[in-house]
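What follows is one structure encoded as structure tokens, with my remarks underneath.
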Amino acid sequence: MVKTALDNFPRPPCTELLGWRLLDARPEEGWIRLGFDGKPEFCNPAGFIQGGMLSAMLDDTMGPAVLVMSEGRLYTTTISMTVNFLSPAKPGPIFGEATVTQLGKTIAFVEAKLMADDGMVLATATASERLLEAARVVR
């Protein structure tokens with residue numbers, strides 16, 4: 001796999017909760033593919049992954065796409081995100097893909113999708129992301 005800005009990036013606790021893992025990336029294209037764990041603990045009473053958890057997975061796919069494309073120079077904060085839930089998500093592996101559709105000076109536009117292990121699209125999202133210079137982010 002190609003080296004990315006995520007190779008030495010400290011992972012926040014939310015990534016551990018979601019079972020976040022980098023599977024592939026094409027930084028020059030602003031594209032990333034991630035894996036998540038659709039845990040039984042994330043399920044609603046009907047036995048499907050709750051929409052808020054899927055939204056978190058989508059959000060945690062789009063931000064890293066910008067980070068990878070900018071070679072670690074830019075963090076994002078989500079301004080707005082529209083999510084479409086297309087199919088119920090069962091517990092198990094979930095895969096996310098995101099593409100930066102436009103990287104401006106202060107705003108990025110990103111789109112993403114989540115898929116089940118069999119390739120069925122579970123949810124899609126688009127987002128507007130405010131760009132923050134990584135060197136200015138206080139930790």
Side-chain angles (χ1 to χ4, degrees):
M1 179 171 29
V2 66
K3 288 189 156 287
T4 72
L6 293 167
D7 292 344
N8 298 312
F9 189 75
R11 291 177 43 174
C14 63
T15 62
E16 298 299 323
L17 174 68
L18 297 173
W20 186 105
R21 60 199 173 280
L22 178 64
L23 301 176
D24 198 3
R26 294 192 295 269
E28 66 285 350
E29 296 175 27
W31 177 86
I32 195 168
R33 180 173 168 82
L34 304 172
F36 295 97
D37 297 330
K39 300 175 184 176
E41 297 86 353
F42 296 168
C43 288
N44 61 24
F48 299 112
I49 306 293
Q50 197 266 347
M53 301 306 292
L54 295 173
S55 296
M57 292 175 192
L58 287 161
D59 195 38
D60 223 4
T61 302
M62 291 186 282
V66 173
L67 184 77
V68 165
M69 185 179 199
S70 71
E71 298 177 342
R73 293 185 332 273
L74 300 171
Y75 287 118
T76 62
T77 58
T78 303
I79 297 169
S80 68
M81 182 170 74
T82 301
V83 178
N84 296 296
F85 301 101
L86 305 177
S87 183
K90 298 176 184 174
I94 295 176
F95 302 93
E97 292 183 5
T99 303
V100 179
T101 56
Q102 185 174 4
L103 185 63
K105 292 182 181 182
T106 59
I107 305 290
F109 297 94
V110 189
E111 58 189 20
K113 64 181 174 178
L114 292 180
M115 295 156 291
D117 204 18
D118 64 2
M120 174 163 308
V121 178
L122 304 170
T124 62
T126 56
S128 302
E129 307 278 352
R130 174 150 323 273
L131 300 174
L132 304 170
E133 291 180 36
R136 292 186 176 187
V137 175
V138 178
R139 290 187 184 152

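Just so you know, these numbers come straight off a predicted model, no measurement behind them.
Taking each heavy atom of F42 and L17 in turn, the nearest pair found is CZ-O, 3.3 Å. What you find for M69 and E29 is that their closest heavy atoms are CE-C, 4.4 Å. Residue K39 comes nearest to E16 through the heavy atom pair NZ-O, 3.8 Å, listed as atom of the first residue, atom of the second, then distance. Between G47 and P91, the closest heavy-atom pair is O-CD, 3.6 Å. Shortest non-hydrogen contact noted between L103 and A108 is CD1-CB, 3.9 Å. For M62 against A98, the heavy-atom pair with the smallest separation is CA-CB, 3.9 Å.
For the pair F9/P64, no side-chain contact is recorded, criterion being any heavy-atom separation below 4.5 Å from C-beta on. For the pair L67/I32, no side-chain contact is recorded, criterion being any heavy-atom separation below 4.5 Å from C-beta on. Side-chain contact between I107 and R130: present, with at least one pair of heavy atoms (C-beta onward) separated by less than 4.5 Å. Side-chain atoms of M120 and K90, non-hydrogen and from C-beta on, never get closer than 4.5 Å to each other. Put simply, the side chain of T126 does not reach to within 4.5 Å of the side chain of F109, judged on heavy atoms. At least one side-chain heavy atom of F36 sits less than 4.5 Å from a side-chain heavy atom of T61. With contacts defined as side-chain heavy-atom distances shorter than 4.5 Å, the pair L54/I94 qualifies. A heavy-atom distance below 4.5 Å is not found between the side chains of P93 and D37.
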* Give the intermediate values and the outcome of side-chain contact (heavy atoms from CB on, under 4.5 Å) for residues K113 and T99. => CA-CA 9 Å; K113 64 181 174 178; T99 303; over 6 Å; no
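Paired with W31 under the rule side chain to side chain contact (heavy atoms under 4.5 Å, CB included), one option of D24, V68, V100 passes, and it is D24. Results of the side chain to side chain contact (heavy atoms under 4.5 Å, CB included) test with T124 over T82, V83, N84, L58 single out N84 as the only residue that passes.
The number of heavy-atom neighbours closer than 6.0 Å to CG of D118, taken from other residues, nucleotides and ligands shown, is above 12. Under a cut-off of 6.0 angstrom, the local environment of CD in E71 is sparse, with at most 12 non-hydrogen atoms contributed by other residues, nucleotides or ligands.
Taken to the nearest 0.5 Å, the CG atom of N44 stands 12.0 Å off from the CE atom of M53. Rounding to the nearest 0.5 Å gives a distance of 13.0 Å between OG of S87 and CE of M115. Atom CE of M57 is separated from atom CD1 of I49 by 6.0 Å, given to the nearest 0.5 angstrom. Here E129 contributes atom CD and L131 contributes atom CG; the two are 8.0 Å apart, rounded to the nearest 0.5 Å. Note: E41 CD to Q50 CD = 13.5 Å, rounded to the nearest 0.5 Å. Residue F85 holds its CZ atom at 10.5 Å from CG of L122, rounded to the nearest 0.5 Å.
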